[in-house]
Amino acid sequence: MVYGTDFLSRPSGASGYLLDLNTGPLLPNRAGFDAARSPAFWYVIDRSVAHQTGLSLFGRPAREVVAAPERPDLLTAIRASVREHSDGEGHLADNRVLNGCRSVVFCRTGRWMAKRGAAREVALAEEDFRPLIEAAVRSFERPRSSALPLPAAEVRAFLAWVRERVDETARATGA
């Protein structure tokens, strides 16, 4: 991602990038220049993560350069992410579950965690979902082209539960 410094220094609920370059495995190569054509939630969440935990390769610390999105914008982005993952199109089931875990942990703590750590936290607290979450972690540890199938109904039920947690947090904070 390439952002202009003026955009990056202010909280925003917009995509706002200048260049979105995607060359990741199992994803089509893409170079995007039109932020208005991309769902904003991916970028809002990424900037929130970067603000909290980003590492600078050069220059000032990420926390000083990347503004944290405002809470209502971030919760709107998390809601949109959960909706996207609930639909399932184009996303591996393990990634959908683990991103759901990250959303729940963020709503509970206000901090972003890595997928495995967030999965551990939710699995310990939510016994009913533990087998699904553990299966998602096992799958995630495999090469992406060898991801394991997860029970679709269980993934949907888990993501519905995640959506409820996010909605509760949004209501509680007035977002």
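What's counted below: heavy atoms across the whole structure, side chains too, no hydrogens, waters or symmetry copies.
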Next on the checklist: Does either side chain, that of S86 or that of R163, offer a donor lying less than 3.5 Å from an acceptor on the other one?
Outcome noted: yes
About how many Å separate [atom2] of [Y] and [atom1] of [X], when rounded to the nearest 0.5 Å?
X: F41; Y: R79; atom1: CZ; atom2: CZ; result: 14.5 Å
X: L19; Y: F33; atom1: CG; atom2: CZ; result: 5.0 Å
X: M1; Y: L8; atom1: CE; atom2: CG; result: 10.0 Å
X: F7; Y: T5; atom1: CZ; atom2: OG1; result: 12.0 Å
X: D87; Y: R96; atom1: CG; atom2: CZ; result: 8.5 Å
X: E154; Y: D128; atom1: CD; atom2: CG; result: 10.5 Å

In the structure I gave you, are the side-chain heavy atoms of [X] and [Y] within less than 4.5 Å of one another anywhere?
X: D20; Y: Y43; answer: yes
X: F158; Y: I133; answer: yes
X: N29; Y: N22; answer: no

Grab the two heavy atoms, one from [X] and one from [Y], that are nearest each other, plus how far apart they are.
X: A14; Y: A40; answer: C-CB, 3.9 Å
X: L92; Y: A147; answer: CD1-CB, 4.0 Å
X: P11; Y: A68; answer: CB-O, 3.4 Å
X: L18; Y: G4; answer: CD1-N, 3.5 Å
X: S38; Y: S15; answer: O-OG, 3.1 Å
X: V137; Y: A119; answer: CG2-CB, 3.6 Å

According to a 4.5 Å side-chain heavy-atom criterion applied to Ile, Leu, Val, Met, Phe, Trp and Tyr, with indirect links allowed, do [X] and [Y] form part of one hydrophobic cluster?
X: V44; Y: V49; answer: yes
X: F140; Y: V155; answer: no
X: L98; Y: F129; answer: no
X: V2; Y: Y17; answer: no
X: L74; Y: Y3; answer: no

Item to check | L55 CG: over 12 foreign heavy atoms closer than 6.0 Å | outcome: no
Next on the checklist: By the definition salt bridge (charged side-chain N to carboxylate O under 4.0 Å, His left out), identify the one residue from R138, R142, R144 that meets it with D94.
Outcome noted: R144
Item to check | Short side-chain to backbone donor-acceptor contact, T53 and A50, under 3.5 Å | outcome: no
Next on the checklist: For S12, is there any backbone N or O sitting under 3.5 Å from a side-chain donor or acceptor partner on R47?
Outcome noted: yes
Please tabulate, one pair per line, all N/O donor-acceptor pairs under 3.5 Å involving side-chain atoms of residues 101-117, not counting sequence neighbours.
| unit_1 | atom_1 | unit_2 | atom_2 | d |
| --- | --- | --- | --- | --- |
| R102 | NE | M113 | O | 2.7 |
| R102 | NH2 | M113 | O | 3.3 |
| S103 | OG | N99 | O | 3.2 |
| R108 | NH2 | E126 | OE2 | 2.8 |
| T109 | OG1 | V105 | O | 2.8 |
| T109 | OG1 | R111 | N | 3.1 |
| T109 | OG1 | R111 | O | 3.4 |
| W112 | NE1 | S48 | OG | 2.7 |
| K115 | NZ | N95 | OD1 | 2.4 |
| R116 | NE | E141 | OE2 | 3.4 |

Item to check | Working for side chain to side chain contact (heavy atoms under 4.5 Å, CB included), residues I45 and S81 | outcome: CA-CA 9 Å; I45 292 170; S81 172; 3.8 Å; yes
Next on the checklist: Which label fits H85 and W42: parallel for a plane angle under 30°, tilted from 30 to 60°, or perpendicular past 60°?
Outcome noted: perpendicular
Checklist outcome for this item: Hits for side-chain contact (heavy atoms from CB on, under 4.5 Å) against A36, two or more places apart or cross-chain, chain-then-number order -> D34
